[in-house]
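Start at 1 and go down the list; that is how both ligands and their atoms are numbered.
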Amino acid sequence: MDVTVIGCGYVGLVTGTCLANIGHTVRGVEKDPRKLKTLQDGHCPIFEPGLAELMQEHYTTGQLQFTDNVRSAVRDAEVIFLAVGTPPRADGMVDMSFLEAAGKEVCDALADLNPEYMVTVVVKSTVPAGTNRRLQNYFRQQSNAYVQVVSNPEFLREGSAVKDFMEPDRVVVGGESPEAFRIMRRLYDPVIKREENFLTMGWESAELTKYAANAMLAARISFMNEMTILCEHFGADIEDLRKGIGTDYRIGPAFLRAGCGYGGSCFPKDVAALEHISRSAGHESLFVHAIQTTNKNQKKRFVDKLVEKLGRPIEGATIAVWGLAFKADTDDIRESAALDVIRYLLDRGAHVRAHDYKAAENMKQVFKDEVEWMPDPVQAAAGADAVALLTDWPQYSTLPFRKIAATMNQPLIFDGRNCLHRDVMRETGFQYYPIGRPAVENRLRLKNGLRH
Ligand code: UGA
């Protein structure tokens, strides 16, 4: 089919590239001249495993093209995706200005087209309930074109977005037109393995499904993080709880890993938006509010524990931070735990040395020379008073810990992702503090003399 994707940011680029990969002809529209040039030079502007290769493959064959011209891009389109950003406004509500501008531009561009051909406009951006219905009315009022609007929320995870697109748990399509549902079913045909995984529903249900999915996942994480407080108090192990409840098929094992808080461009934004959406519906959601409060507190609790167990004043202490991205396999630092943790540490007078396998360049834009940037984790730890591990990069768990212990001022690790092996920590002489798990309390041997 002939598809146009308005917006070549993260969601738009993954969607467009994957649609090209399943055989559609795709035109991506990008207004940012720098990003457009990168795309037209055949380069992928974001880091996402497998995306650059697919993008280049289909760009070379012409199956995937990029332009900044909406009018020409929609001329032959049967399906037009709107995949522009809906960032949070300062008041926490969703900023709809990009989507409104894109909708208007598409509406104007469709005005000259033959009204006999139906065009399906697909809202991929995450938008509050009621948006798609308003957009449909807008097209009806402003244009003679035969347009059916559908909501098609995305459930892609950074780091596995290509796989999530090619093997979706489900495809959700909200709307009112059976014809548009049929077109969407045909569009996604190659990736729909079972009919029941293609879900059609009303616009508002689809819109709310997106927020509900992210809030539910964030709630599971916050609940487990809340449980770590009890685990630490009673000497229980959050990993045992995770297995103990995750094996109940009604609960399931996913998204129950405790840590120093969730981050990223989606959970924090969408949970905050859901709170505002609830308020706009006249409901003060204590539950949705609590998901966020627990998440904020978890980052602070992590630093409080570090300060308490450090064995010397935090002021003037050197702390090596391992991991800056909001999760492994991405260079994305948006709302990452490291942003808060580093800020708390700096505010308390610590000297911070930071390392990440992909995200250091992005984090440099935030902390500049307030932080010492280290090329590898072993060097970052040398001479430090503690390591704070904040991202679950698998590489961190296989480092030469005996060597690291020997070069640190005191061998002390605070594991904010529970991803190091306790036995290794014990055997290599570390004082080790995971989250919600019993600590390994080897006697600290200070390199530079006695504890302060
Ligand atoms: C999330 C959702 O998982 C996707 O389904 C959704 O499409 C996407 O948001 C979006 O709305 O665009 P993403 O933000 O890429 O995807 O990352 P996740 O893998 O969900 O992780 C989010 C955060 O939760 C990370 O900071 C991660 O470290 C944390 N997390 C995840 C935990 O703390 N514990 C867990 O058990 C799982």
Do the side-chain N and O atoms of Asp2 and His24 include a donor-acceptor pair separated by under 3.5 angstrom?
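Their side chains do not contain a donor-acceptor pair, so the 3.5 Å distance test is not met.
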For residues Gln298 and Thr228, is any side-chain donor paired with an opposing acceptor at under 3.5 Å?
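Yes, because at least one side-chain N or O of Gln298 sits under 3.5 Å from a partner of the opposite role on Thr228.
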Between ligand 1 and Phe155, is the shortest N or O to N or O distance under 3.5 Å?
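Yes, at least one N or O pair falls under 3.5 Å.
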Short N/O distance, under 3.5 Å, between Phe267 and ligand 1?
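N/O-N/O distance under 3.5 Å: no.
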I want to check something: taking the side chain as every heavy atom from C-beta on, are Ser177 and Val150 in contact at a cut-off of under 4.5 Å?
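No. Closest side-chain heavy atoms not under 4.5 Å.
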Gly259 near ligand 1, heavy-atom distance under 4.0 Å?
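No, Gly259 has no heavy atoms under 4.0 Å from ligand 1.
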Sub-4.0 Å heavy-atom approach of Cys266 to ligand 1
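Contact check Cys266 vs ligand 1: positive.
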Protein residue, atom and distance nearest to [atom], heavy-atom basis:
{"atom": "atom 24 (O) of ligand 1", "value": "Tyr262 CB, 3.4 Å"}
{"atom": "atom 30 (N) of ligand 1", "value": "Ile221 CD1, 3.4 Å"}
{"atom": "atom 28 (O) of ligand 1", "value": "Phe326 O, 3.5 Å"}
{"atom": "atom 37 (C) of ligand 1", "value": "Phe255 CD2, 3.4 Å"}

Using a 4.0 Å heavy-atom cut-off, which part of Leu156 comes near ligand 1: side chain, backbone, both, or neither?
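Contact part for Leu156 vs ligand 1: backbone (N, CA, C, O).
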Just to be sure I read this right, does ligand 1 sit under 4.0 Å from the backbone of Leu256, its side chain, both, or neither, counting only heavy atoms?
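Only the backbone of Leu256 comes within reach of ligand 1.
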At less than 4.0 angstrom from any non-hydrogen atom of Asn214, what atoms of ligand 1 do you find?
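Per the distance check, 2 (C), 6 (C), 9 (O), 10 (C), 11 (O).
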For atom 19 (O) of ligand 1, the option (of Arg417, Glu48, Glu158, Lys327) bearing the nearest heavy atom:
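The nearest heavy atom belongs to Lys327.
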Can you figure out which of Lys210, Arg157, Arg257 has its heavy atom closest to atom 11 (O) of ligand 1?
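Shortest heavy-atom distance from atom 11 (O) of ligand 1: Lys210.
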Just do the ring-ring contact (aromatic ring centres under 6.0 Å, His included) check on Tyr396 and Tyr357 with the steps written out, would you?
CA-CA 10 Å; Tyr396 286 137; Tyr357 290 100; 5.0 Å; yes
Pairwise distance CH2(Trp203) to CG(Asn132) - rounded to 0.5 angstrom:
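One finds 7.5 Å between CH2 of Trp203 and CG of Asn132.
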Rounded distance (nearest 0.5 Å) linking atom CD of Glu372 with atom CZ of Phe367
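Result: 15.0 Å between the selected atoms.
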Side chain to side chain contact (heavy atoms under 4.5 Å, CB included) between Glu78 and Ile183, intermediate numbers included:
CA-CA 9 Å; Glu78 298 163 80; Ile183 287 183; 5.7 Å; no
Specify whether Tyr433 and Phe414 have parallel, tilted or perpendicular ring planes, treating 30° as the upper limit for parallel and 60° as the lower limit for perpendicular.
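Rings of Tyr433 and Phe414: parallel, as their planes differ by under 30°.
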Can you tell me which residue among Val387, Asp415, Leu412 is in a side-chain contact (heavy atoms from CB on, under 4.5 Å) with Tyr432?
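Option passing the side-chain contact (heavy atoms from CB on, under 4.5 Å) with Tyr432: Asp415.
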